[in-house]
Novice: 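Sharing a structure with you now.
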Amino acid sequence: MMRDWFVFHCVSGHAFFTGFGLLGLAWWLAGRTATRGTHRLRTWSVVLGLTAIGISGTPMPLWLAVTFLSSLVLWSVSERNVRKPTNASDAGVSADAQISSFKRVRLLVLLSWLTCLVVEVPYHVTPTRNASKDQKWAVIGDSLSAEFGEGLPWPGHLERDYGLSIRNLAVAGATVRTALQQAAKLDAAEMVLIEIGGNDLLGENSAADFERSLDELLQDVARSGRHVVMFELPVPPWGHRFGAIQRRLASRYRVVLIPKRVLAGVITTPGATNDGLHFTQLGHADLAMRLAAMRTALVGKP
């Protein structure tokens with residue numbers, strides 16, 4: 001149970017916010033009276049905070065990552081300077097100036113961290129868009145969505161249990177590149193729900209190949225103003241480049257991203273997968289229920 005919670009906390013991106021919470025604690029402690037205990041707690045807060053941010057796999061834009069790292073360096077240098085002894089002749093003046101400078105740096109650091117949070121939060125908010133049940137949907141995906149065996153995949157549950165009109169084009173083992181064959185079968189009137197990229201992330205495809213293929217897929221699928229919804233990949237720490245590519249291209253083609261906590265939540269639910277990834281019937285039903293809960297995004301207002 002604890003392992004499932006930890007994995008979910010990381011791949012859902014929640015660890016990103018935990019990390020900044022720990023950094024915020026360290027920031028607050030830096031302004032308190034220094035004792036051995038507070039110094040040790042602050043040090044551990046910084047170490048654990050940076051670790052949590054790292055393992056969350058959150059794909060911060062380059063400019064934001066540079067701002068964040070620069071703020072840490074500036075904070076460290078400023079704190080070191082304010083603790084240095086000054087010459088006796090101007091100790092009072094220098095100490096006051098250093099403390100004033102340190103306070104300004106603390107404010108800049110806090111603002112940079114708040115900027116990181118403001119940029120990331122929208123990716124964790126459930127998408128909203130008015131829709132109706134008579135709209136036709138098509139699913140492009142891989143083995144997490146494909147019909148095989150005797151079970152009913154989650155697109156089937158959405159159609160049977162929640163009244164959506166869905167055509168499931170998903171193929172087991174599909175990659176972003178081979179998903180272009182699925183896109184070729186789309187009807188012009190169909191809205192598209194994309195669940196793809198896991199095999200690229202966990203396979204041998206490079207991030208560059210993933211970007212080229214996803215760009216081509218979204219350009220094809222999103223043409224003529226078609227409404228497209230895509231699952232954000234719950235990437236491991238080393239997969240942040242894939243996440244960054246997915247977010248950037250989704251923004252370019254105005255594709256709505258379903259927060260990665262949705263897929264991550266099903267994958268880490270006990271009994272929802274048979275191998276740690278592929279869904280059991282419980283998992284398929286769970287994912288359909290989570291999607292149906294996004295009524296204004298997929299199903300329409302009841």
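Please read all numbers here as calculations on a predicted model, not as lab measurements.
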Novice: Give a yes-or-no answer on whether the side chains of Thr115 and Ser112 include a donor-acceptor pair shorter than 3.5 Å.
Specialist: no
Novice: Begin with the C-alpha distance, continue with both residues' side-chain angles, and end with the deciding distance and a verdict on side chain to side chain contact (heavy atoms under 4.5 Å, CB included) for Leu291 and Leu158.
Specialist: CA-CA 8 Å; Leu291 292 174; Leu158 278 176; 3.8 Å; yes
Novice: Side-chain contact, heavy-atom cut-off 4.5 Å: Val192 with Ile194?
Specialist: yes
Novice: Under the side chain to side chain contact (heavy atoms under 4.5 Å, CB included) criterion, do Phe68 and Leu64 qualify, and how do the steps go?
Specialist: CA-CA 6 Å; Phe68 171 63; Leu64 191 60; 5.7 Å; no
Novice: May I ask you to test the Phe279-Leu144 pair for a side-chain heavy-atom distance under 4.5 Å?
Specialist: yes
Novice: Might you point out which heavy atoms bring Pro153 and Ala146 nearest each other, and give the distance in Å?
Specialist: CB-O, 3.7 Å
Novice: Can you give me the closest heavy-atom contact between Arg261 and Val125, atom names plus distance?
Specialist: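 Result for this residue pair: NH2-C, 4.1 Å.
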Novice: Working to the nearest 0.5 angstrom, can you tell me the gap between Glu190 CD and Ile140 CD1?
Specialist: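 One finds 9.0 Å between CD of Glu190 and CD1 of Ile140.
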Novice: Would you say that Val262 contacts Arg290 through its side chain, given a criterion of any heavy-atom pair below 4.5 Å between the two side chains?
Specialist: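 Yes, close enough: below the 4.5 Å cut-off.
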Novice: Work out which heavy atom in Ser56 is nearest to a heavy atom in Ala15; give both atom names and the distance.
Specialist: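 Scanning both residues completely, I find the closest heavy atoms to be CB-CB, 3.9 Å.
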Novice: Mind listing the side-chain donor-acceptor pairs of residues 17-31 below 3.5 Å, one per line with the distance, residues two or more places apart or on another chain?
Specialist:
unit_1: Thr18; atom_1: OG1; unit_2: His9; atom_2: NE2; d: 2.7
unit_1: Thr18; atom_1: OG1; unit_2: His14; atom_2: O; d: 3.4
unit_1: Trp27; atom_1: NE1; unit_2: Arg106; atom_2: O; d: 2.9

Novice: Mind checking whether Leu257 and Leu201 sit in one hydrophobic cluster, side chains of I, L, V, M, F, W, Y counted as touching below 4.5 Å?
Specialist: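 Shared cluster, yes.
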Novice: Report yes if the side chains of Asp4 and Thr269 come closer than 4.5 Å at any heavy-atom pair, otherwise no.
Specialist: no
Novice: Hydrophobic clusters here meaning ILVMFWY residues chained together by side-chain heavy-atom distances under 4.5 Å, can you tell me if Leu48 and Val46 are in one?
Specialist: no
Novice: Any salt bridge between Arg177 and Glu216, counting N to O under 4.0 Å?
Specialist: yes
Novice: If hydrophobic clusters are built by linking Ile, Leu, Val, Met, Phe, Trp and Tyr wherever their side-chain heavy atoms come under 4.5 Å apart, do Trp238 and Ile55 end up in the same one?
Specialist: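 No; tracing contacts between hydrophobic side chains, which count when under 4.5 Å, never links both residues.
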Novice: To the nearest 0.5 Å, how far apart are CG in Leu277 and OG in Ser143?
Specialist: 6.5 Å
Novice: With no hydrogens and no angle check, just 3.5 Å: does a side-chain donor-acceptor pair link Trp154 and Ser145?
Specialist: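 Judged by distance alone, the side chains do pair up.
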Novice: As an exercise, state the distance from NE2 of His124 to CG of Leu117, rounded to the nearest 0.5 Å.
Specialist: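 Taking NE2 in His124 and CG in Leu117, the distance rounds to 10.0 Å.
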Novice: Do Gln182 and Val171 have side-chain heavy atoms sitting under 4.5 Å apart?
Specialist: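 A side-chain contact under 4.5 Å exists here.
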Novice: Check whether any side-chain heavy atom of Asp220 lies under 4.5 Å from a side-chain heavy atom of Leu186, and answer yes or no.
Specialist: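 They are not in contact (no side-chain heavy atoms under 4.5 Å apart), so the answer is no.
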Novice: Quick test of your reading of the model: are Asp187 and Arg167 salt-bridged, counting only N-O distances below 4.0 Å?
Specialist: no
Novice: Return yes if a side-chain donor-acceptor contact under 3.5 Å exists between His278 and Asn274, otherwise no.
Specialist: no
Novice: Should Arg241 and Glu211 count as an ion pair when the cut-off is N to O under 4.0 Å?
Specialist: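 Between Glu211 and Arg241 there is no salt bridge, as every charged N stays at least 4.0 Å from the carboxylate O atoms.
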Novice: I'd like to know whether CZ of Arg40 has more than 12 heavy-atom contacts from other residues, nucleotides or ligands below 6.0 angstrom.
Specialist: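 Atom CZ in Arg40 is not crowded, with 12 or fewer foreign heavy atoms closer than 6.0 Å.
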Novice: Could you see if Leu114 belongs to whatever hydrophobic cluster contains Trp63? Use Ile, Leu, Val, Met, Phe, Trp, Tyr and a side-chain cutoff under 4.5 Å.
Specialist: yes
Novice: Sub-3.5 Å donor-acceptor pair from the side chain of Thr280 to the main-chain atoms of Ala272, do we have one?
Specialist: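 Confirmed, Thr280 side chain pairs with Ala272 backbone.
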Novice: Mind running ring pair (Phe, Tyr, Trp, His ring centres under 6.0 Å) on Trp113 and Phe16 for me, showing each step along the way?
Specialist: CA-CA 11 Å; Trp113 293 354; Phe16 180 83; over 10 Å; no
Novice: Under the 3.5 angstrom rule, does the side chain of Ser213 hit a backbone N or O of Phe210 as a donor-acceptor pair?
Specialist: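 Side chain of Ser213 to backbone of Phe210, a donor-acceptor pair under 3.5 Å: no, none is there.
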Novice: Given side chain to side chain contact (heavy atoms under 4.5 Å, CB included), test Gln246 with Leu214 step by step and report yes or no.
Specialist: CA-CA 8 Å; Gln246 190 181 34; Leu214 186 60; 4.3 Å; yes
Novice: Please assess Phe231 against Lys260 for the test side chain to side chain contact (heavy atoms under 4.5 Å, CB included), listing each intermediate value before the final yes or no.
Specialist: CA-CA 7 Å; Phe231 285 95; Lys260 54 187 175 181; over 6 Å; no
Novice: Pair Arg36, His39 - check side-chain hydrogen bond (donor to acceptor under 3.5 Å, both in side chains), show working.
Specialist: CA-CA 5 Å; Arg36 179 176 298 181; His39 179 73; over 6 Å; no
Novice: Could you pull out the closest heavy-atom pair between Asn168 and Pro155, with the gap in Å?
Specialist: ND2-CG, 3.7 Å
Novice: If you count every heavy atom of other residues, nucleotides or ligands that lies below 6.0 Å from Arg248 atom CZ, does the total exceed 12?
Specialist: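 More than 12 heavy atoms, drawn from other residues, nucleotides or ligands, come within 6.0 Å of this atom.
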Novice: Do Leu69 and Leu50 sit in one hydrophobic cluster, given that two such residues count as connected whenever their side-chain heavy atoms are within less than 4.5 Å of each other, even indirectly?
Specialist: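 As far as the 4.5 Å side-chain criterion goes, Leu50 and Leu69 are connected within one cluster.
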Novice: Return the CZ to CD1 distance between Phe8 and Ile267, rounded to the nearest 0.5 Å.
Specialist: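 Atom-to-atom, Phe8:CZ and Ile267:CD1 are 10.5 Å apart.
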Novice: Would you indicate whether the side-chain heavy atoms of Leu263 and Leu287 approach each other to under 4.5 Å?
Specialist: yes
Novice: Calculate, to the nearest 0.5 Å, the distance between atoms OG and CG belonging to Ser206 and Asp200 respectively.
Specialist: 9.5 Å
Novice: Would you indicate whether the side-chain heavy atoms of Thr175 and Asp209 approach each other to under 4.5 Å?
Specialist: no
Novice: Look up atom CD1 in Ile245 and atom CZ in Arg212, then write down how far apart they are to the nearest 0.5 Å.
Specialist: 10.0 Å
Novice: Does Glu232 use its side chain to pair, donor to acceptor, with the backbone of Gly243 at less than 3.5 Å?
Specialist: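 Side chain of Glu232 to backbone of Gly243, a donor-acceptor pair under 3.5 Å: no, none is there.
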Novice: Is it true that Glu120 and Arg247 make a salt bridge, defined as a side-chain N closer than 4.0 Å to a carboxylate O?
Specialist: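 So Glu120 pairs with Arg247 through a salt bridge.
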